[in-house]
Amino acid sequence: MAARLREEPVSEFLLTDDEKLLRNLGWGLIRPPATQDWIGGTKVELARTRLLPEKQGLVPVTHYTVFLGSERFRSSEVRFDRIAADARGDATLVPPFCEVATRVAKADLDRLRALSSRDLVTVDTYAGANARVWENRAYTGWVAQALRFRIQAYQTAVDHFEIETPSGSRIWEVNRAIKELETVVRLTEKGCEHTDRYQTAIDAERSRIYSRWGLERPAPQK
């Protein structure tokens, strides 16, 4: 009802198995990265159920830093390890989500194709089909936005603790983990299209010296 009052598309269609799975897998990525942030989690839940607009379900990126700083660890370097572990954990969740999102997108095309091929379709069926396609695409876009938020939250924490509790031995590793997450996030920002389930999170850049990119030619033999 709240979504309808905002004049957003709302479908009363039953969810397919993949549509249910899409929403279940996406929940782990749209909720705040700090599990202690129950206020932020409540806001996201209200946005997920569409009681609040999506933009009102966002929480400040600094919350992750605040909650991470409130935990007492025996070593200050553990915070950097936690950031790296959280970033890599998120990165492992993206390919399964994108695999399901790709199937849902294909099913939506089949749905629209079937809709256009029917001679007699009720107004409710037509509106429900188009609204469900909108909901699925909006949810995939929301996950992409939430992942970009997580990257900002992790980077904000690194920048803060690099000043508060510097640790040269951990900075490279945690930045690499955030970079890996940023690489897979680009998949969701493209609507999870052209994904390769066997592709690693970061493709190693090939050296032009050894791969003969560009105009390199073997040296002439005398």
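Quick caveat, the model's predicted, so the values are computed rather than measured.
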Inset, instruction - Determine, for E173 against R170, whether the closest basic-nitrogen to carboxylate-oxygen distance falls under 4.0 angstrom. - result: no

Inset, instruction - State, to 0.1 Å, how close A114 and R118 come at their nearest heavy-atom pair, and which atoms those are. - result: O-CG, 3.1 Å

Legend entry - From L21 atom CG to T16 atom OG1, the distance as rounded to the nearest 0.5 Å: 9.0 Å

Legend entry - Beyond-backbone contact of P32 with V44, side-chain heavy atoms, under 4.5 angstrom: yes

Inset, instruction - Give the cluster check for L25 versus W27: same hydrophobic cluster or not, with ILVMFWY residues linked at side-chain heavy-atom distances below 4.5 Å. - result: yes

Legend entry - L112/D108 under side-chain contact (heavy atoms from CB on, under 4.5 Å): CA gap, chis, key distance, verdict: CA-CA 6 Å; L112 294 176; D108 280 340; 5.5 Å; no

Inset, instruction - Kindly give the heavy-atom pair with the smallest separation between L14 and R132, and that separation in Å. - result: O-NH1, 3.2 Å

Legend entry - Between R23 and N136, a side-chain donor and acceptor under 3.5 Å: yes

Legend entry - R150 side chain vs R31 backbone, donor-acceptor pair below 3.5 Å: yes

Legend entry - Closest non-hydrogen atom pair between Y154 and D90, with its separation: OH-OD2, 2.6 Å

Inset, instruction - For residues V133 and R137, determine if any side-chain heavy atom of one lies less than 4.5 Å from a side-chain heavy atom of the other. - result: yes

Inset, instruction - State the CZ-OG distance between F161 and S76, to the nearest 0.5 angstrom. - result: 10.0 Å

Inset, instruction - Please assess T125 against T122 for the test side chain to side chain donor-acceptor pair (under 3.5 Å), listing each intermediate value before the final yes or no. - result: CA-CA 5 Å; T125 300; T122 65; 2.7 Å; yes

Legend entry - W142 with W134, same ILVMFWY side-chain cluster at under 4.5 Å: no

Inset, instruction - Please answer whether the main-chain N or O of A129 pairs with a side-chain N or O of R111 as donor and acceptor at a distance below 3.5 Å. - result: no

Inset, instruction - Might you point out which heavy atoms bring G26 and V143 nearest each other, and give the distance in Å? - result: CA-CG2, 4.0 Å

Inset, instruction - Give the ring-plane orientation class for Y139 versus F97, where under 30° counts as parallel, over 60° as perpendicular and anything between as tilted. - result: tilted

Legend entry - OG1-NZ distance between T102 and K106, expressed to the nearest 0.5 angstrom: 11.5 Å

Legend entry - The single option from I151, T92, L93 passing side chain to side chain contact (heavy atoms under 4.5 Å, CB included) against L181: I151

Legend entry - Residues, nucleotides or ligands: over 12 heavy atoms within 6.0 Å of D17 CG: no

Legend entry - Nearest-0.5 Å distance that lies between atom CD in E182 and atom CD in Q155: 8.5 Å

Legend entry - From CG (L29) to CZ (F149), nearest 0.5 Å: 13.0 Å

Legend entry - Over all atoms of both residues, closest heavy-atom pair of A153 and P33: CB-CG, 4.3 Å

Legend entry - Verify same cluster id: I171, I178 (apolar side-chain graph, 4.5 Å): yes

Legend entry - Step-by-step salt bridge (charged side-chain N to carboxylate O under 4.0 Å, His left out) determination, R50 to E135: CA-CA 11 Å; R50 305 183 73 179; E135 289 173 345; 2.9 Å; yes

Legend entry - Nearest-0.5 Å distance, OG1 of residue T65 to CD1 of residue I83: 7.0 Å

Legend entry - Non-hydrogen side-chain atoms of L147 and V184 separated by less than 4.5 Å: no

Inset, instruction - Take atom CZ of F13 as the centre, draw a 6.0 Å sphere, and report whether it contains more than 12 heavy atoms from other residues, nucleotides or ligands. - result: yes

Inset, instruction - Check each of T156, D86, D37 against Y64 using the side-chain hydrogen bond (donor to acceptor under 3.5 Å, both in side chains) test, and report the only one that passes. - result: D86

Inset, instruction - Heavy atoms only: give me the nearest V174-A84 pair and the separation to one decimal. - result: CG2-N, 3.7 Å

